[in-house]
Amino acid sequence: GQQLNQSPQSMFIQEGEDVSMNCTSSSIFNTWLWYKQDPGEGPVLLIALYKAGELTSNGRLTAQFGITRKDSFLNISASIPSDVGIYFCAGLADYGGSQGNLIFGKGTKLSVKP
Amino acid sequence: NAGVTQTPKFQVLKTGQSMTLQCAQDMNHEYMSWYRQDPGMGLRLIHYSVGAGITDQGEVPNGYNVSRSTTEDFPLRLLSAAPSQTSVYFCASSYGFAGPYEQYFGPGTRLTVT
């Protein structure tokens with residue numbers, strides 16, 4: 001089946017640093033979504049991308065839909081302590097007009113540097 | 001709008017017991033789905049529904065049943081609980097065929113099977 005490879009698996013941040021993470025797939029997707037999950041909560045949608053090459057921002061977050069349609073990137077600028085959590089990418093393939101199912105990456109866990 | 005609600009928030013079952021996890025949404029979404037989240041495994045799709053009266057299996061359907069009698073509700077039934085079903089369960093919904101395809105998640109149900 002389709003799989004998404006999300007990297008890095010985990011990373012430590014210091015306040016003020018920029019953070020980057022990405023997802024890659026061997027399959028083409030028509031939609032990329034980025035979610036953040038805080039401990040004990042459900043994932044919350046951060047950014048949705050619908051076109052190859054699209055670059056979309058949400059505050060300090062910027063995400064891009066790769067031109068090959070097989071990857072996506074999320075950047076967080078000037079990180080703050082509340083950015084810690086798990087970030088998931090999710091991709092949706094085109095099933096000829098029907099609602100396909102999202103495929104999720106395994107997540108990138110952001111923690112604060114000790 | 002309450003969004004997606006799930007009950008209960010926590011549940012402990014003994015092996016062999018059955019129970020129903022409740023999910024409801026008030027956004028008039030056609031598409032609803034159930035995921036389980038296990039450490040290091042990301043989110044895996046159990047069952048989904050593209051509208052009232054229509055359900056289908058996801059990646060890990062064994063041991064679970066669903067039905068969709070109304071647009072708002074999508075309960076997940078565990079037929080005979082097993083320790084392997086210890087997990088966090090999330091319900092999600094989205095608009096469906098016509099898009100947009102962003103899924104919105106409930107707060108989760110933490111299930112322990114002893």
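Proteins come first, then strands; the chains are lettered A, B, ... in the order of their sequence lines, and each starts at number 1.
- Clustering ILVMFWY residues whenever any of their side-chain heavy atoms sit less than 4.5 angstrom apart, transitively, puts B:V60 in a cluster other than the one holding B:L79.
- Annotation for A:K51: atom NZ does not count as buried by contact number, only 12 or fewer foreign heavy atoms lying within 6.0 Å.
- Here the CD-CG distance, from B:Q57 to A:N101, works out to 12.0 Å after rounding to the nearest 0.5 Å.
- Applying a 4.5 Å heavy-atom cutoff, the residues of residues 105-114 of chain B that approach chain A are B:F105, B:G106, B:P107, B:R110.
- Clustering ILVMFWY residues whenever any of their side-chain heavy atoms sit less than 4.5 angstrom apart, transitively, puts B:Y48 in a cluster other than the one holding B:V66.
- Not a single ring-ring contact (aromatic ring centres under 6.0 Å, His included) links A:F73 to another residue, sequence neighbours left out.
- Atoms CG and CD, on A:L46 and B:E102 in that order, are 12.0 Å from each other to the nearest 0.5 Å.
- One finds the CG atom of B:L43 at 9.5 Å from the CD1 atom of A:I86 (value rounded to the nearest 0.5 Å).
- For chain A, no part of B:Q6 is nearby; none of its heavy atoms comes within less than 4.5 Å.
- No path of Ile, Leu, Val, Met, Phe, Trp and Tyr side chains, each step under 4.5 Å between heavy atoms, connects B:I46 with B:V88, placing them in separate hydrophobic clusters.
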Quick one, A:L102 with B:Y35, criterion side-chain contact (heavy atoms from CB on, under 4.5 Å). Give me CA distance, side-chain angles, the key distance, then yes/no. CA-CA 11 Å; A:L102 285 179; B:Y35 295 90; 4.0 Å; yes

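- Annotation: residues 33-44 of chain A contacts chain B through A:L33, A:Y35, A:Q37, A:G40, A:E41, A:G42, A:P43 [non-hydrogen atoms, separation under 4.5 Å].
- Grouping the Ile, Leu, Val, Met, Phe, Trp and Tyr side chains by contacts below 4.5 angstrom, directly or via other members, places A:F12 apart from A:L74.
- Rounding to the nearest 0.5 Å gives a distance of 9.0 Å between CZ of B:R44 and NZ of A:K106.
- Under the 4.5 Å side-chain contact rule for hydrophobic residues, B:Y31 and B:I54 share a cluster.
- Heavy atoms of other residues, nucleotides or ligands lying less than 6.0 angstrom from NZ of A:K113 number more than 12.
- The neighbour count for A:E17 CD, taken as heavy atoms of other residues, nucleotides or ligands under 6.0 Å away, is above 12.
- Sorted by first and then second residue, the side chain to side chain donor-acceptor pair (under 3.5 Å) pairs with a member in residues 74-84 of chain A read A:S20-A:N75, A:R60-A:D83; sequence neighbours excluded.
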